[in-house]
Number of protein chains: 2
Amino acid sequence: MSRLTRDDIITGAGNRFASHGYHGTSMRDLGEDLGILGSSIYAHVGGKQELLTAVIDRGSAYFEASANDAIEAASGPRDQLNRLISGHINVVLDHRAETRTYLSETEFLPAEDHQRIVAARSSYERTFVDCIAGGQEIGVFDRTADARLVAIYVLSILNAVDRWFSEQGRLNRKELATDITGFVVSGLGASR
Amino acid sequence: MSRLTRDDIITGAGNRFASHGYHGTSMRDLGEDLGILGSSIYAHVGGKQELLTAVIDRGSAYFEASANDAIEAASGPRDQLNRLISGHINVVLDHRAETRTYLSETEFLPAEDHQRIVAARSSYERTFVDCIAGGQEIGVFDRTADARLVAIYVLSILNAVDRWFSEQGRLNRKELATDITGFVVSGLGASR
DNA sequence: CCTACCGATCGGTAGG
DNA sequence: CCTACCGATCGGTAGG
């Protein structure tokens, strides 16, 4: 058993914060998960708040990277929308602890970090709005819809995925992404 | 200044739990909000856990009542879907504290209460699934869609509404309900 | 609903 | 990373 790294501590904190909440986690709880004492955590990080920031920074970075990948690889608005959706699903399922903390505990961040994360989130959401608006301009999406509202609807669906999706269920990730893209584009109206 | 009732305490607890989380709320915090001492709360309720249960029970009851109203008044699947959506929006906006607590803090309920609330929530969600499946049977909704998945998508959108909707925004509640219903039925494909 | 507490637990530190 | 702590705060109670 070798010594823990700072990254190990952040990972452990993410797991605890995701399942018990930031305020429901004590440094002693976290230490127990990691096999050390609560007080020993202070050899690696400055304090509990710093751990929350580190966990949420990770979550935020995963989403940003996913959006950048989608923009680079996309061949058009509909393809980009599918890539954004698929990427978001992969992020929340591959990094459940960080993204759950990011989505549920951001409000408990120190003011400075909170502002930074909210700005990054706005930028990420703008990627969805721009993609939808771009599709409306070239006529592949309905022009009468409000792109900002549709982006909010899509992100609401995506942010909840980790709460119900199971890898052992009827659909795999790729199929879920296709289903959500189809739902967003056609709803219950046209056959997909 | 008259004495507080048990209901007042529960309302105050809902407000605190919604903004600071259950674990982020101390009995002294709550007392301060109510203008009494933390220890005085115990004259009205058995403990902090009991407060969480009481707040979430309220939230759960609002959703149940809304679903029952929609079922009674509906003239068909599409009308019922619109009523379920509109009702859900009204519940989360009229009872922000209780519903936010219901949606975010249910996991911290004592096991027995947790089971009861999860069962009630399943029943509520089934109303949405049945409505969609009913519409598919009579051909007003696309038969190839998975009713359960669509219900999850709709509820994901609805549960996030209180996080971004403003009464002073471009849309009022009724218009938002219409927009969401339109989105669910037509997506970005057909014009609504 | 307040006064006056209780033991337990909290985030965090000094020194090794 | 542990030992040995610190003052502050926690949920909760007895008695009025």
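These figures come from a predicted structure and were not determined experimentally.
- Salt-bridge formation is detected for the pair Arg6(A)/Glu50(A): a Lys NZ or Arg NE/NH1/NH2 atom is positioned less than 4.0 Å from an Asp or Glu carboxylate oxygen.
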Protein-to-nucleotide contact annotation, 5' to 3' order, nucleotides 3-13 of chain C [B base; S sugar-phosphate only; - none; under 4.0 Å, heavy atom]: BB-----BBBB

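- Using a distance-only test at 3.5 Å, with no hydrogens or angles considered, no donor-acceptor pair links the side chain of Asn90(A) to the main chain of Gly87(A).
- With hydrogens and angles left out, the side-chain atoms of Asp69(A) and Ser66(A) include no donor and acceptor closer than 3.5 Å.
- Computed from C1' positions of five pairs at each end, the angle between the two local axes of the helix from dC1(C)-dG16(D) to dG16(C)-dC1(D) equals 10°, rounded to 10 degrees.
- Using a 4.0 Å heavy-atom distance criterion, Ile41(A) is classed as making no nucleic acid contact.
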CA sep, side-chain torsions, deciding dist, call: Thr144(A), Asp142(A), side-chain hydrogen bond (donor to acceptor under 3.5 Å, both in side chains): CA-CA 6 Å; Thr144(A) 66; Asp142(A) 173 23; 2.8 Å; yes

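- Taking Ser122(B) as the reference, nothing meets the side-chain hydrogen bond (donor to acceptor under 3.5 Å, both in side chains) condition, with sequence neighbours excluded.
- Tyr124(B) and His88(B) have their aromatic ring centers within a separation under 6.0 angstrom.
- You'll find the ring centres of Tyr62(B) and Tyr102(B) outside the 6.0 Å limit.
- Only one option out of Asp33(A), Thr25(A), Thr101(A) pairs with Arg16(A) in a side-chain hydrogen bond (donor to acceptor under 3.5 Å, both in side chains); it is Asp33(A).
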